Each structure stands twice: as C-alpha cells, then as structure tokens.
Amino acid sequence: MTESTRPLNFIEKIVKEDIENKVVPSVQTRFPPEPNGYLHIGHAKSICLNFGIAQTFGGQCNLRFDDTNPEKEDTEYVEAIKEDVRWLGFEWSGDIHFTSDYFDDLYDWAVYLIKEGKAYVCDLDRDQAREYRGTLKEPGKNSPYRDRSVEDNLELFEKMRAGDFEEGACSLRVKIDMASPNMHLRDPIIYRIKKASHHQTGDKWCIYPSYDFAHGQGDAIEGITHSICTLEFEEHRPLYDWFIENLPVPSKPRQYEFSRLNVNYTVTSKRKLKSLVDENVVDAWNDPRMPTIAGMRRRGYTPEALREFIDKAGVSRNEGIVDVSMLEFAIRENLNVNAARAMCVLHPLKVTLTNYPEDKTEVMVAPGHPNRDDLPARELPFSRELFIDQDDFREEANKKYKRLVIGKRVRLRNAYVIEADEAIKDADGNIIEVRARIIEDTVGKDPADGVKPKGVIHWVDANNNLDCEVRLYDRLFNDPAPDAGGKDFMQSLNPNSLEILKGCKAETSLANSDADIRFQFEREGYFIQDSLYSTPDNLVYNRVIGLRDTWEKQV
RNA sequence: UGGGUCGUCGCCAAGUGGUAAGGCACCGGGUUUUGAUCUCGGCAUUCGUAGGUUCGAACCCUACCGACCCAGCCA
C-alpha cells in the first residue's frame, strides 16, 4: 500500500507536538481490549490507531487485556484477540500484558489511599448506593460510612480481601465529591467483592479493582504516554487524572478520546453480535457476514484493505456513520490489484457449438491478470460443449444487452466469438441449452467480416471443469441504521444475506491452488475458499465482494 | 440555568482570521476480449441558525437550534 500523504489526525498532531516539545521522550500506546468477546470492525479502528501511531512516530504499542471482571472474561477470547491483532498486521511490544498483572500494585495503592484518608470502605448496598449518589440534576449525599477511621478502613479492607464479607456487602470507595456534577467523581467504587476465580490469577483474589481504578494505573505502570480511548470515556478523564495525581505512580499518562467507528447497514455491539450468534441468524462469530475481524477474515477481506478503509474513514471527535460503500471500495481496490483472474460459471447453461468437431479440444491461454505479467497464465480447455451463465443469454433483447442473443454474436472471453442459433427448451419452456456456432479464426482477433461482437462473456468447458459451491453474501441488514432509536435490529435482517449456489463450474486451473488465495472470477467478483466448509473434494467459495456494477438492469 | 462533547457537500474528512483539500457515492466523456480496471471532466459563492466584531470570519464574540454521552459493586 502506498503511503498516502493525508493530513495528520488530531491525535497524531498531539503526539507529534509532544515529541517535538520533548513532553515525552517517545510515544508509547496500548490496545486494551477486555477479553469478553470477539473483536469487531470498531476495535480494528482502535488497533490501527494505537499501533499505527506507535509505528508512525517510532514508538511502541502494548497489547493489554483489561481483565478486571472475571465473571465475563475467558482465555478463549484472549487467544482469539491475539490472532485478530496479528492478522491485522500488527505486532505488540514485548510480552502480552494483563491488567491482572498489576493486582498487587493496585491493592497496595488502594491501601495507600486509605492511609491518606482518601478512600473508605462503604457498607451501602447497591440500591442504597444509588440513592446516595443523587441524580444527574441533584447532588448526592455523603455515605454514612465516609468518615470511618483509617484504622477501621484498613481492617475492613483487609477483611474484604480475606473473603470475610459476602459479595455486595461492602466496597472500597474513593473520597472525592458527592456533589460533583460529574457522576464519576461522586465517591466512585474502586474495589468490589467478586468471589469468582479469574482466568489469569485463579482464586488469589476475591476483590477486584474497577475499570477506573485499574486502567490509568496500568497505563502508568507500562509507561503509556498517550492513552487513547473512545468518547464515552471522556467524563472518566477527571477521575483518571485524579488517580494519577493522588497516587505514587511511575509515570503520568494522558487520556485522549476519539469517536468510535460506525458503519451503516451493520451493528457493532457485543450484545447485538452475540444475539445474532445465539439466535442462529448467523453460523458463528466468524460467519462471513459478521463485522467481526474473524468474520471479515473468513469472508476474504484482506488486512491491507481493512487498514486502508480505516485510514480513509479518519479519526475525529464527530460521531458519524461511515458509508459501507467506502469499506467495499477499499476491498475492491486491494483485490483488483492482487487477485488472479479465473472464470467460474455460477448458473450453468449448456452451449453446444454445432460447427465445432466433437472430438476436438483446444487449449486457450489466458493471462493471470490483465495488467500484471508476474501472475502466471492459465490454460483453458475448449471443446464443443461449454457452459455459460444463464444470465448471459436471452432469446431476444434490446441493444443495451451486450451478451448472447439469438442471431447475434458475443465474445467468449479468451476464446472464440460465437453466434447463437437456437434455444432448446424443456417441457416447461425453460431454456436448457443453446445451439451456437463459433466464428472461425477469432481467437485473439476480430471476425474477418468486420461484424464485431457487442460484448464478452465468461465460460467454462462443459466436459472439463471443477464442480463447486459458491456462497454469495449480501449485507446482513436492509436498514441503514438497524439499531437506531428504539428499533429492534432483528426486524431489519436481510433475508437474502446468504445465497448458496451448488453445481457451479469453475475452470480447472483452480484445482490445486492454495486455499487462502483470492481470485477474481471475471465478471462476477472476488472469491476465496471458505476456511470452514471448503475441502479439495468439495470446493466452497465465498464471494468476498462483487465487482462494481454500473449496468442498469431493467430495460 | 445538572455536567460534558459535537455540528464543513448524500457519507467520511481537511481547514483554526485572508477568501472551502481529499476520499467514498453520484453524474457525464474516453480506452477496454471483465457492463471491471484505467482515464478525463462535473459535483459546497458556502461551513447548524441568527446576530455581532473585523478591511476581511467556517475559523473570534453572543444567543438560539439539533445530536450524542453520564445516575453498573460493566468496560
């Protein structure tokens, strides 16, 4: 991919200035997913931003699992996320980090805050705490436990850690301001009791730090200079800064927020994606229609194209919705350059060339790519019986139709020009065969009589081809904003998001190709073998994306 | 009169006092053995609205309008 000279986004500008002004010696970022689900296209933006900035400015980017809630997390997700990040083309700095690596530090810092008189154990239960918190428009009031002595707090917190209390019985809160207009500053909870074993620390802990207490300190421990997150964390920033100021942390990271990536015709929330899987709307998290990284990988999107798309969509604080056509463009742009060409007939219609000898077979040679000679040429057997696509033949048509019509000529891609004579139909009137003739001496040249064919269609030898299944995907939703307002996104599902075609006929050169190679089936789109269903004996191709189609169907 | 944030072409997005980049989409012309690619051209007298400051404003000021976020012992 060529380096574009796009202007820096606002975060890149901040980083650049901080480096130039020696605010930081070098940039250190991090991608901090919670291992509680699969990564989707929105995460891809964060990955590209964080790793991209490190790359651009000669810094480092960590991969840190933000694992402070053992009830929702699992190592299954840790592994999947690592694979997704690698596939996207990024390499994290050093070892993987876990917020749970810092549980000891965090515990010590909690004790520190208690000793400073800045944290206390609160016995209010959930409902009471909510009551005391006040509302958006009314201030909260102090917890009756707010003024416990340091000694009592130390003892109580130790008991919390020892497992002496039930879940919910009490929590550790930091003493800030119950009247703050910022709800996050109304004595936020920094430790809660969860008698759950943790995927990394096992049963060592029964109390776990909250996101707010863990994230910034994790950043400080890792020397993160620019802690980049999405807009909804903006109001957490004063709290983030409060901890950094009030704790003896080893560095002072700063938080910056950008708007998350929204794409029309798709949903990106773990909850909604999960229900698509749970309700069997799709196969799994990696169904080729899913906007998950795993799904897009299986679909055949390339990491380069995804990165390019994210780069083009930009980074700002505007909450916009990017048009999915921008994504599709990036995929096509990338595949057009890189995908080898091949022919595959999706809806076979037999064509008999009545003036072509029955026992004759020629071998046509076709380039691997129209403007790349580094891709090897292909050999295409050609004989009396061929298949073309049902859509490429009509008994009669107006002049806008540039395909095969009775009495008219068409070019068979990389082979002869043919002229149709007759359509053979079955008892129901369905066309089951076309009888046609080749025009002699038209391979690589126009007909000698000067009557040039209108169009070019693809074909495959009827007696020498590869049978395969082709899966055509369309957007999962019909509605550009499936989850806008109070809408039930399940009502906007596109019933035709998956079309399975069996008995498709592909050229034989595909027989021994690697399973992960993407092809352009000419005039149809870009395809790749499905990593789950395709086998050498039962080829299954996914359509990554169709070709741009500017032909107005409809007469 | 709770607090915070955001409003530049249909969609993203530059621009931050000197007279509206770019991409996607769309519309036309050309090339073409893929109705693809490629290529050429078109596409905001106007920057949420209304006032004001200024020689000059999308950029500064004021008011208004609209959208989003915050009351998890989720992240």
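The model shown is predicted, which means the values in this text are computed figures rather than measured ones. Letters A, B, ... are given to chains in the order of the sequence lines, protein chains preceding strands, and every chain is numbered from 1.
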What is the distance, to the nearest angstrom, from the CG atom on A/N318 to the P atom on B/A58? 19 Å
Looking for any heavy atom pair under 4.0 Å, which part of the strands does A/I321 touch: base, sugar-phosphate only, or nothing? sugar-phosphate
Between C1' of B/C73 and CG of A/D212, the distance in whole Å: 12 Å
Among B/G2, B/G23, B/C74, which nucleotide sits nearest the side chain of A/M326? B/G23
Tell me if the side-chain of A/E319 makes a donor-acceptor pair with the base of B/U5, cut-off 3.5 Å, by modelled atom types. no
Quick one: is B/A75 close enough that its OP1 or OP2 comes under 4.0 Å of any side-chain N or O from A/R192? yes
On a whole-Å scale, what distance lies between the C1' atoms belonging to B/U8 and B/G22? 14 Å
Answer with base, sugar-phosphate or nothing: what part of the nucleic acid does A/G455 contact at a heavy-atom distance below 4.0 Å? nothing
Under 4.0 Å: is that the gap between some side-chain N or O of A/S325 and OP1 or OP2 of B/C24? no
Calculate the interatomic distance between A/N371 atom CG and B/A36 atom C1'; express it in whole Å. 11 Å
Please check the phosphate of B/G2 (OP1 and OP2 only) for any side-chain N or O of A/T135 closer than 4.0 Å. no
Any A/R523 side-chain N or O less than 4.0 Å from OP1/OP2 of B/G35: yes
Hey, would you say the A/Y416 and A/F382 ring centroids sit under 6.0 Å apart? yes
For a quick check of understanding: with a heavy-atom distance under 4.0 Å over all strands, which category does A/Q520 fall into, base, sugar-phosphate or nothing? base
Are any of A/R133's side-chain N or O atoms less than 4.0 Å away from OP1 or OP2 of B/C73? yes
Could you say whether the aromatic ring of A/W551 and the base of B/G35 stack, counting only centre distances under 5.5 Å and plane angles under 30°? yes
At 4.0 Å (heavy atoms only), tell me whether A/Y211 reaches a base, stays on the sugar-phosphate, or touches nothing. base
Base, sugar-phosphate alone, or nothing: which one does A/G320 contact when heavy atoms must sit under 4.0 Å apart? sugar-phosphate
At 4.0 Å (heavy atoms only), tell me whether A/N414 reaches a base, stays on the sugar-phosphate, or touches nothing. base
Taking any heavy-atom pair under 4.0 Å as a contact, classify A/I189: base, sugar-phosphate, or nothing. base
Taking atom C1' of B/U34 as reference, at what distance in whole Å does atom OH of A/Y526 sit? 9 Å
Under the ring pair (Phe, Tyr, Trp, His ring centres under 6.0 Å) test, which residues partner A/Y107, sequence neighbours left out? A/F157, A/W205
Applying a 4.0 Å non-hydrogen cut-off, can you work out what A/S180 is touching in the nucleic acid: base, sugar-phosphate, or nothing? nothing
Does B/G29 sit syn or anti, given that only angles within 90° of 0 count as syn? anti
Just to be sure I understand the rule, does A/L124 reach a base, reach only the sugar-phosphate, or reach nothing, if contact means heavy atoms closer than 4.0 Å? base
Could you check how far CZ of A/F521 sits from P of B/U37, rounded to whole Å? 19 Å
ring-ring contact (aromatic ring centres under 6.0 Å, His included) partner of A/F233, the single match among A/F258, A/Y211, A/Y240: A/Y211
At under 4.0 Å between heavy atoms, what does A/V263 touch on the DNA or RNA strands: base, sugar-phosphate, or nothing? nothing
Answer yes or no: does a side-chain N or O of A/R317 lie under 4.0 Å from OP1 or OP2 of B/C6? yes
Quote, to the nearest angstrom, the P distance that separates B/G7 from B/A13. 9 Å
State whether A/R126 places a side-chain N or O below 4.0 Å from either non-bridging phosphate oxygen (OP1 or OP2) of B/C74. yes
Does B/A36 have OP1 or OP2 under 4.0 Å away from a side-chain N or O of A/T550? yes
For a quick check of understanding: with a heavy-atom distance under 4.0 Å over all strands, which category does A/R341 fall into, base, sugar-phosphate or nothing? base
Taking the six-membered ring of A/Y208, is NZ or CZ of A/K194 closer than 6.0 Å to its centre and within 45° of its axis? no
Can a side chain N or O of A/K13 be found less than 4.0 Å away from OP1 or OP2 on B/U16? no
Which value, in whole Å, describes the distance between the C1' atoms of nucleotides B/C9 and B/A58? 14 Å
May I have the distance from A/E17 (atom CD) to B/U16 (atom P), rounded to whole angstrom? 13 Å
d(CG, A/D323; C1', B/C9) in whole Å: 14 Å
Between B/C24, B/G3, B/G23, which nucleotide gets closest to the side-chain atoms of A/K312? B/G23
Is there a donor in the side chain of A/H347 and an acceptor in the side chain of A/D389, or the other way round, less than 3.5 Å apart? yes
Between A/Y401 and A/P7, which is nearer to the 5' end of RNA chain B once each is assigned its nearest nucleotide? A/P7
Just call it for A/D125: base, sugar-phosphate, or nothing, with non-hydrogen atoms closer than 4.0 Å on any strand. base
Assign A/V315 to base, sugar-phosphate, or nothing according to its heavy-atom contacts below 4.0 angstrom with the strands shown. sugar-phosphate
If I pick the P atom on B/C60 and the same atom on B/U1, what distance separates them, to the nearest angstrom? 27 Å
Considering only B/A36, B/A71, B/C12, which nucleotide approaches the side chain of A/L547 most closely? B/A36
Of A/L8 and A/R130, the one whose closest nucleotide on RNA chain B sits nearer the 5' end is A/L8
For this output row, return yes or no: ring centroids of A/F477 and A/Y265 closer than 6.0 angstrom. no
A/Y120 six-ring centre to A/R148 NZ/CZ under 6.0 Å and within 45° of normal: no
For A/W109 and A/F243, I'd like to know if the aromatic rings sit close, meaning centre-to-centre distance below 6.0 Å. no
Distance between the P atoms of B/G51 and B/C38, in whole angstroms? 46 Å
Classify the nucleic acid contact of A/P370 as base, sugar-phosphate or nothing, counting any heavy atom under 4.0 Å across all strands shown. base
What is the distance, to the nearest angstrom, from the CD1 atom on A/I331 to the P atom on B/G23? 19 Å
Tell me which nucleotide, if any, is Watson-Crick or G-U wobble paired with B/A71 when both distances must be under 3.5 Å. none
Is there a donor and acceptor pair closer than 3.5 Å between the side chain of A/H236 and the base of B/A75? yes
Okay, side chain of A/N182, backbone of A/E235: is any donor-acceptor separation there less than 3.5 Å? yes
Does B/U34 have OP1 or OP2 sitting under 4.0 Å from an N or O in the side chain of A/K402? no
Taking atom types as they are modelled, is there a donor-acceptor pair under 3.5 Å from the base of B/U37 to the side chain of A/R548? no
